[in-house]
Protein chains: 2
Amino acid sequence: MTAQVTPQQETRTSVGARRSEATEAAVLEAFATLLDEVGYAAITMEAVAKQARAGKATLYRWWPTKAHIALSLISKAKVEIAPPAGVSLRDDLIDYLSRMIGLWRGDAGLPVGVLVRHCYAEAWSDPELAEALQAERRERWTMLNDILQAAMARGELPTGTDLARAKDFVMSWPIYLLMTDRLPSPEEIARMVDDTLGGLRSGSSRHPSRDT
Amino acid sequence: MTAQVTPQQETRTSVGARRSEATEAAVLEAFATLLDEVGYAAITMEAVAKQARAGKATLYRWWPTKAHIALSLISKAKVEIAPPAGVSLRDDLIDYLSRMIGLWRGDAGLPVGVLVRHCYAEAWSDPELAEALQAERRERWTMLNDILQAAMARGELPTGTDLARAKDFVMSWPIYLLMTDRLPSPEEIARMVDDTLGGLRSGSSRHPSRDT
DNA sequence: TATATGAAACGAAACGTTCCGTTTCGCAAG
DNA sequence: CTTGCGAAACGGAACGTTTCGTTTCATATA
C-alpha cells in the first residue's frame, strides 16, 4: 500500500551550467512532505524524485543517499536560539535544551529529531556521512559551549572544566531519550538539568517517572 | 562485490512437526559470521539462509526481519555478571558498566553493541520490535536496579530515589557513546561514573578528553 | 495425517546508472 | 558587441541488478 501524494505542480527547466537552487529547494520540500506522509523508512529516492519533479540523476549528483538529503534538511533547520541570558547555568541549560528538543519534536513543523537519529544510524556504516554529521554537530553545539564557558567564568563551574566532555555529558541524556523515542516534556527537562548539574548523589532525582 | 563466505557443511533435514533447534542455532551462527565478514548493513536474509543452509521460508517463519535475528543473538549473549560486591556504589557501577561495555565492544567475540544499536534504529519504525527490545532491556537491567537499591539501603543514595529514573541517568551516557561509536576505555569508564555520581558542578569532569 | 524442513522459482519494488534532448553559463573569436 | 561553442545541469525514461517476501515442491519426522 503506497500513500497517495500529490506531486509538485511547478515544472522547472535547466538553469544551465550551475546548480539549480529551485531544484534543491524542491527536493528538500519533497523529502519533508514524504517524511510526513509515509515516514522516514518508507522514503525512496525514486519517490523523492517524482515528488520533486526532478530526475533521479540530479538527486544522485548532489546527494549520494537519502541520509544526505536528511542532513541537508537538518542543516537548514537552524534554531533561532537567543544567546544565553547569562543569569544562571541552570536557566541557560533549560532554555537551550528546551529549544533544541522542541526542534527535535517538530514544533517548527519538521520533526528534526527523526532526521537526526536516522543520520546517526546511517553514519554507522558510512564514514563520510559520519564526518559530515560530526561537523554539523560541532557547529550546532557552539552556543552550548558558550553557555558552559560563561558559567565557568561566573564560577558556577570549576575552572579547568573540560568543556568538550561537559558538552557530551549535558547532551547524552537528551540524545538517549531521542534514541529511545521518549522526548521529555518541559517539566521533565528541568528535572533532567537538575540531575545533570547535581548528579545522582544530589538526590534531585527523587521524582515519579514512567517505567523503562 | 560480494564477500566470499564458506557456508556450513552439515546438512539438516526436518525433525518433524517441531521447531528445529539445530536450524535455529545454525541461523544465529550464520548471522554472527556474516556480521563479522560483511558488516550489519550488508547482511541480507538470503545470505543468512544460504550461509546457514536453511530455507528462506524457515527464516521468515521464525524471524520477521533481520533485526529480530539480531535481537535473538542479543538475548543469547547474556553476561556472566557477578552480583554486586556491595562495597560502594562507585565500584559496583564501574564493574557493571565495564562488563556491559565489554560485551558491547565484542570482548566475548560477538560485538553486541552493533546489534543493539541497529535494533534501536529498526525499532523506530517497528512497534512490535520496540516492545520486544524494551522487554529485553528491562530484563538486562535488573542487576543495575539491584545495585542502586543496595546503595540506597546503605545510605549512598537518598531514600526515595526514583530508581527507574536513576537507571536511565546511569545508562544514558554509555548508550550515547554507543550511538556515536565512541565506546569508552576502562579509565574513561571510571571518570564517567564519577561524573554521573557527582554531576557537572562537582568538578570531577576536569580531565583531558578527545574532541567532539 | 499434520507440520517442519531445504531448495528453487516467482513477481514486485527499489536500487544506481545510462542515455536522451533541452537549457544556460562562461569564454573566445570575429 | 555579437556570435559560436564546449561544458555542465536539468527532467525524463529506460535499463539491468539486487533484495524482498511468498509460493511451491518433495522429503522427513512425530
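The sequence lines fix the lettering, A, B, ..., with proteins before strands; numbering per chain opens at 1.
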ask   = Would you call A:E136 and A:R140 a salt bridge, using N to O less than 4.0 angstrom?
value = yes

inquiry  = Against the six-membered ring of B:W141, is B:R137 placed for a cation-pi contact (under 6.0 Å from the centre, within 45° of the normal)?
reply    = yes

Which residue lies more 5' along DNA chain C, comparing A:A57 with B:E46 via nearest heavy atoms = B:E46

key: B:W63 CH2 - D:dT22 C1' separation (whole Å)   = 18 Å

ask   = For the pair made of NZ in B:K50 and P in D:dT18, what is the distance, rounded to whole Å?
value = 12 Å

query = Just to confirm, is there a sub-4.0 Å distance from OP1 or OP2 of D:dC10 to any side-chain nitrogen or oxygen of A:W62?
reply = yes

request  = For B:D126 and D:dG21, give me the distance from atom CG to atom P, rounded to whole Å.
outcome  = 11 Å

query = Given atom CZ of B:R53 and atom P of C:dA7, what is their separation to the nearest angstrom?
reply = 6 Å

message = Nearest to the A:R19 side chain among D:dT19, D:dC10, C:dA14, which nucleotide is it?
response = D:dC10

key: Nearest-neighbour nucleotide for the A:T23 side chain, C:dA9, C:dA4, D:dG11 considered   = D:dG11

query = Between B:D107 and B:R99, does at least one N-O distance fall below 4.0 Å, as a salt bridge requires?
reply = no

message = Closer than 4.0 angstrom, basic N to acidic O: yes or no for A:R165 and B:D195?
response = yes

key: 5'-most by nearest nucleotide on DNA chain D - A:K56 or A:L59   = A:L59

request  = Quickly work out the B:R61 CZ to C:dA7 C1' distance and round it to whole Å.
outcome  = 14 Å

Below 4.0 Å: OP1/OP2 of C:dG6 and any side-chain N or O of B:T58 = yes

task = Nearest whole angstrom, please: distance from the P of C:dT23 to the CD of A:E21.
result = 21 Å

